[in-house]
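Below you'll find the structure, written out as structure tokens, and then a few comments.
All values derive from a computational prediction rather than experimental measurement. Residue indices begin at 1 and follow the sequence shown.
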Amino acid sequence: MPTMTMTNDQLAAVAKMLVEAAKQKSINLRVVGGVAIELTCANLAAQPKLQRARHDLDLVAPRGDWHALAGIFAAHGWEARAHSAHPTFEKDGVTLELFAPNFGFANFAPRLGLTAPTLPLADLLLIKLQRVPFADKDRQDAIALLIEHRVAAGAADDHIDAAYLGKLCAHNWGLFHRVYDNTIALEQVLDQYLEPEEAQLVWRRIETIQSELDRQPKGLRWMCAQFLRKPTQVPR
């Protein structure tokens, strides 16, 4: 396999270029994963404990556009590789993987057109917070998003929409507990990555998310699952 030659900045630039090339064909291609963190966290360079080398490029687009995207990638020098669940390409030692717009419990297809070149900030955070196991790299990326962007209710490009997260989790018991448990785990390690004042800021933003998760009315199926699986924690 060729030696990797792309820096994080180069990967981010390539990602933006591919998103723009897809836009010219009326395709909503969006960046997720580590490169999306690079694109949305302008002050990441000031946080050495949150930095890490990005070794691949993760993109999402509707399955119906995958064939056209393969042609776009090939035109930009990416070579297709054998795949099973999703298309994979390589260039300069970097692997590009193309995914459908759904991760675990969440379907992001209706949100592909909201922002570019990445998914909205709340979705990028949600992808990290629903991970099990909640790996170090996921914690780093979640903290990077939370130190960079304020958390508030309502859709906007410049903040993480806590109400959106709360509503999604209110309709899915499993997603609720994954996200809630991972936010608790995140609070417990903030001092490993941030200075005390910064850790307090991120802690407050996590508390805002947790409050919204608690506040949103839960559906009947959610309540039934809670009663069966965690009867001592059924909301009153």
Side-chain angles (χ1 to χ4, degrees), residues 1-8 10-40 52-142 144-145 165 168 172 174-175 178-179 182:
M1 180 178 291
T3 302
M4 177 180 174
T5 59
M6 292 192 197
T7 64
N8 289 357
Q10 289 171 329
L11 272 174
V14 167
K16 290 174 67 175
M17 180 268 295
L18 291 175
V19 169
E20 182 60 29
K23 180 181 177 182
Q24 300 306 313
K25 301 292 185 180
S26 300
I27 298 173
N28 282 332
L29 178 68
R30 296 295 179 261
V31 188
V32 293
V35 177
I37 305 303
E38 297 288 332
L39 288 167
T40 54
R52 58 186 177 87
R54 315 293 179 176
H55 299 294
D56 49 32
L57 181 56
D58 297 334
L59 304 173
V60 297
R63 287 182 180 273
D65 292 323
W66 284 6
H67 180 74
L69 286 169
I72 292 173
F73 298 156
H76 288 87
W78 293 86
E79 296 184 4
R81 295 289 182 261
H83 67 89
S84 54
H86 51 266
T88 303
F89 305 82
E90 288 186 4
K91 179 181 179 181
D92 295 334
V94 176
T95 299
L96 181 160
E97 294 184 89
L98 182 60
F99 298 90
N102 57 281
F103 288 79
F105 290 111
N107 177 19
F108 303 118
R111 296 173 61 80
L112 288 174
L114 296 182
T115 59
T118 74
L119 285 176
L121 296 170
D123 296 310
L124 296 179
L125 181 61
L126 180 62
I127 290 171
K128 298 297 178 178
L129 291 179
Q130 70 170 338
R131 292 274 172 82
V132 176
F134 194 30
D136 288 343
K137 66 178 184 177
D138 300 316
R139 295 177 180 181
Q140 286 177 301
D141 289 348
L145 287 166
L165 296 175
L168 270 183
N172 191 305
L175 180 62
R178 280 195 181 190
V179 170
N182 283 345

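- Within the 4.5 Å cutoff, the side chain of Leu126 has heavy atoms near those of the Leu175 side chain.
- Side-chain contact between Glu90 and Thr95 is present, with heavy atoms from C-beta onward closer than 4.5 Å.
- Atom CG of Leu18 and atom CD1 of Ile27 lie 11.5 Å apart (nearest 0.5 Å).
- Taking CG from Asn8 and CD from Glu38, the interatomic distance works out to 4.0 Å, rounded to the nearest 0.5 Å.
- Side-chain contact between Thr88 and Glu97 is present, with heavy atoms from C-beta onward closer than 4.5 Å.
- Exactly one residue among Thr40, Leu39, Val60, Leu11 makes a side chain to side chain contact (heavy atoms under 4.5 Å, CB included) with Val31. That residue is Leu39.
- Val35 has its side chain out of reach of Asp58: every pair of non-hydrogen atoms, C-beta onward, lies at least 4.5 Å apart.
- Using a 4.5 Å heavy-atom threshold, the side chains of Ile72 and Lys25 count as touching.
- Ring geometry for Phe89 versus Phe73: interplanar angle over 60°, hence perpendicular rather than tilted (30 to 60°).
- Taking every heavy atom of both residues into account, Val94 and Trp78 meet most closely at O-CZ3, 3.4 Å.
- Screening Asp136, Asp138, Asp141 for a salt bridge (Lys or Arg N to Asp or Glu O under 4.0 Å) involving Arg52 leaves a single residue, Asp141.
- Using a 4.5 Å heavy-atom cutoff, the side chains of Val179 and Leu165 are not in contact.
- Ala21 and His76 make their closest contact through CB-CE1, 3.9 Å (heavy atoms, listed as atom of the first residue, atom of the second, distance).
- Asn182 places none of its side-chain heavy atoms less than 4.5 Å from the side chain of Lys128.
- In this structure, CG in Leu124 is found 6.0 Å from CG in Leu145, a value given to the nearest 0.5 Å.
- Atom NZ of Lys91 has more than 12 heavy atoms from other residues, nucleotides or ligands within 6.0 Å.
- The two residues Asn107 and Pro101 have their closest heavy-atom pair at OD1-O, 3.1 Å.
- The two atoms that bring Leu29 and Leu69 nearest to each other are CD1-CD1, 4.0 Å, heavy atoms only.
- Considering all non-hydrogen atoms of both residues, Val19 and Pro117 come closest at CG2-O, 3.8 Å.
- Between Leu114 atom CG and Phe108 atom CZ the span is 12.0 Å, to the nearest 0.5 Å.
- At least one side-chain heavy atom of Leu119 sits under 4.5 Å from a side-chain heavy atom of Leu112.
- Here Ile127 contributes atom CD1 and Phe99 contributes atom CZ; the two are 10.0 Å apart, rounded to the nearest 0.5 Å.
- Around the CD atom of Gln10, the shell of radius 6.0 Å holds more than 12 heavy atoms that belong to other residues, nucleotides or ligands.
- Separation of atoms CD1 (Ile37) and CG (Leu125) is listed at 8.5 Å; rounding is to 0.5 Å.
- Smallest separation of non-hydrogen atoms from Arg30 and Gly113: NH2-CA, 4.2 Å.
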